[in-house]
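What follows is a single structure, written as structure tokens, with notes after it.
Numbers restart at 1 for each chain; the letters A, B, ... are given by sequence-line order, proteins then strands.
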Amino acid sequence: MAQKPSIPKGTRDFSPQEMLRRKYIFSTIERVFQKYGFLPLETPAMENLETLTGKYGEEGDRLIFKILNSGDAWKEVSDDTKAKLKAGEEVHPGKLAGELAEKALRYDLTVPFARYVVQHQNEITFPFKRYQMQPVWRADRPQKGRFREFYQCDADVIGSTSLLNEIELVQLVDDVFTGLGLQVVVKIDDRKVLSGCEVSGQPEKVVDIVTAIDKLDKIGREKVEEEMRTKGVSDEAIKGIAPLFELKGTWHEQRPILQNWLTNSTIAQQGLKDLALTFDAVGALKSATLEFDPTLARGLDYYTGAIFEVKSLEGTMPGSICGGGRYDDLTGVFGLKGMSGVGISFGADRIYDVLLETNKFPAELGGSTKLLFANFGEKEAMHCLKLLRTVREAGIAAELYPDAVKMAKQFKYADDKNIAFVAIIGENELKQGIVTIKDMKTGEQRAVKQEELLSVVG
RNA sequence: GUGGAUGUAGCUCAGUUGGUUAGAGCGCCGGAUUGUGAUUCCGGAGGUCGCCGGUUCAAGCCCGGUCUUCCACCCCA
């Protein structure tokens, strides 16, 4: 019985037209990556489960796609676990998953990169600059602009603590969105400044405070304070961080206030100094606006310094289309200490949605045929085959309609495929050594000598 | 993972208090035009009404479950 075919939840097919547009995004990003000295890297779609678990927080572990062991996965489950299940006792889902699956699909590109760096540390010249453009998978519930399989385009520098890297990444982001013709705002913050929240007297609550603050522009100040209270942050501490909510204006206006407020935190002062240097050194940007956002936190645990997030100023995409930051010890969990890195990740799928909505894709995206030879039968087709060769050698994408079907069908094919010209060589043209060329856009057609074909369509 | 909405032709959607043979536009195929697409005219094909079960003499419509997509949380690109 034929079954209705479908694809898994949150995944997509990409039609030829969509692919041309996606490739335009990828190649724009890739060109800029290479211009800044990043080199390509690919890692496998699957990693060992233990490589991924524990790297993205508790929530992240839940969202990792685990791969059931091949063969009889159940057979390999420990007797202890089996006995517990049989007795109706509770088994920790993570433990059970660990016994049924030893591989998992990658959740992002950063952790596999860290794994790669540790594994190949003796072959790598540091600082190591790599870029990586591959799909990642998350068992999230799909929503608009949110999929279970999506592409990330990452560039990271590892093995350098210099702030020059942060500065260059901001310029790189500007270059990419200038190339794509999109106005964006680059929001920047520093975890070291957020750590300054410890002046509030509850240093152990910094993570809870930070993740609540991250939602400020979304849910408002009252709800943020409410969330902090439910997480056990004291009223005193909430009062203590009030200056953060009241910040207004540009970086140059905000800086003295923060400096004054966080005067007792040496770490926060360092963060402010780094931000100041970044703002000064980045200079004039082409199409991005650089903005300090003291409430920008980003969930990921491993960020320790600068944090970036890019939002489109055009279209209705609410989420970020690009994000990144510095992580001081990402490779530490794999046994390589003191290796600081900083990176940026572009969300190709969201950028696609924004460009489509705002009509920013170039009208002509290379890849489609420019010239179609109509097929009038075997004798004419054989002749076209020779011409086809010269046209292609001249670098023009051309094809010969494979079947000698009626003209209407062949012209419709050219129309549907957006082919610019149709070359007609029937019995008459063949005899006279000419070719009739129709311009599909204007509808005009004229007969030229076959030697002139290139100059007409080229 | 929690809560809510949704699903009818390839696509966008109508379909009355449950009642005979489920409709439209666009698209597709054929013809008007045996050498011409996009425009015009004529004709045609295409639907297990997401899936499974229940209520009923009778279900696209009511009920339960399940899946999909979307929305709000959670989190994130």
Before we go on, tell me: are the rings of [X] and [Y] under 6.0 Å apart, centre to centre?
{"X": "A:Tyr131", "Y": "A:Phe38", "value": "no"}
{"X": "A:Phe373", "Y": "A:Tyr401", "value": "no"}
{"X": "A:Trp251", "Y": "A:Phe279", "value": "yes"}

*Identify whether any heavy atom of A:Gln410 sits under 4.0 Å from a base atom; if not, whether one sits that close to sugar-phosphate; answer base, sugar-phosphate or nothing.*
nothing

*So what does A:Ile321 hit on the nucleic acid, given a heavy-atom distance under 4.0 Å: a base, only sugar-phosphate, or nothing?*
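Since only primed, P, OP1 and OP2 atoms lie under 4.0 Å of A:Ile321, the category is sugar-phosphate.
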
*Would you call the rings of A:Tyr56 and A:Tyr107 parallel, tilted or perpendicular, where under 30° means parallel and over 60° means perpendicular?*
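The rings of A:Tyr56 and A:Tyr107 sit tilted, inter-plane angle from 30° to 60°.
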
*Between A:Tyr151 and A:Phe14, what is the ring plane arrangement, given parallel below 30°, perpendicular above 60°, and tilted in between?*
perpendicular

*For nucleotides 37-46 of chain B, just jot down a letter per nucleotide in 5' to 3' order: B, S or -, based on protein non-hydrogen atoms under 4.0 Å.*
BS--------

*Report the distance from atom CE of A:Met133 to atom P of B:A77, rounded to the nearest whole Å.*
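Rounded to the whole Å, the gap is 18 Å.
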
_Nearest-angstrom distance from the residue atom CG of A:Asp61 to P of B:C76_ = 13 Å

*Would one find more than 12 heavy atoms of other residues, nucleotides or ligands at under 6.0 Å from atom NZ of A:Lys286?*
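Yes, NZ of A:Lys286 has more than 12 neighbouring heavy atoms, counting only those of other groups under 6.0 Å.
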
*Using Watson-Crick and G-U wobble pairs whose two distances are both under 3.5 Å, how do you write the pairing of RNA chain B as dot-bracket, with | for links to another strand?*
(((((.(..((((.....[...)))).(((((.......))))).....(((((..]....)))))).)))))....

*Using the ring of A:Tyr303 (Phe, Tyr or Trp, six-membered ring only), decide whether A:Arg326 places NZ or CZ under 6.0 Å from its centre and within 45 degrees of its axis.*
no

Distances for protein N or O near nucleotides 65-68 of chain B N or O, under 3.5 Å:
residue	atom	partner	partner atom	Å
B:U68	OP2	A:Lys9	NZ	3.3

*If you measure from the Lys or Arg side-chain nitrogens to the Asp or Glu carboxylate oxygens, is any gap between A:Glu314 and A:Lys360 under 4.0 Å?*
yes

*Lys/Arg-Asp/Glu bridge criterion (N-O < 4.0 Å) met for A:Lys129, A:Asp156*: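 Salt bridge flag = no for A:Asp156 with A:Lys129.
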
*Under 4.0 Å from any atom of RNA chain B, heavy atoms only: list the residues of residues 379-388 of chain A that qualify, in numerical order.*
none

*In residues 37-45 of chain A, which ones come under 4.0 Å of RNA chain B, going by heavy atoms?*
none

*Taking only side-chain nitrogens and oxygens of A:Gln445, does any of them come within less than 4.0 Å of OP1 or OP2 of B:U36?*
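For B:U36, neither OP1 nor OP2 has a side-chain N or O of A:Gln445 closer than 4.0 Å.
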
*With sequence neighbours left out, write down each residue that passes ring pair (Phe, Tyr, Trp, His ring centres under 6.0 Å) with A:Tyr352, or none if nothing qualifies.*
A:Phe361

*Of all the heavy-atom pairs spanning A:Val333 and A:Leu330, show the shortest one and how long it is.*
CG2-O, 3.6 Å

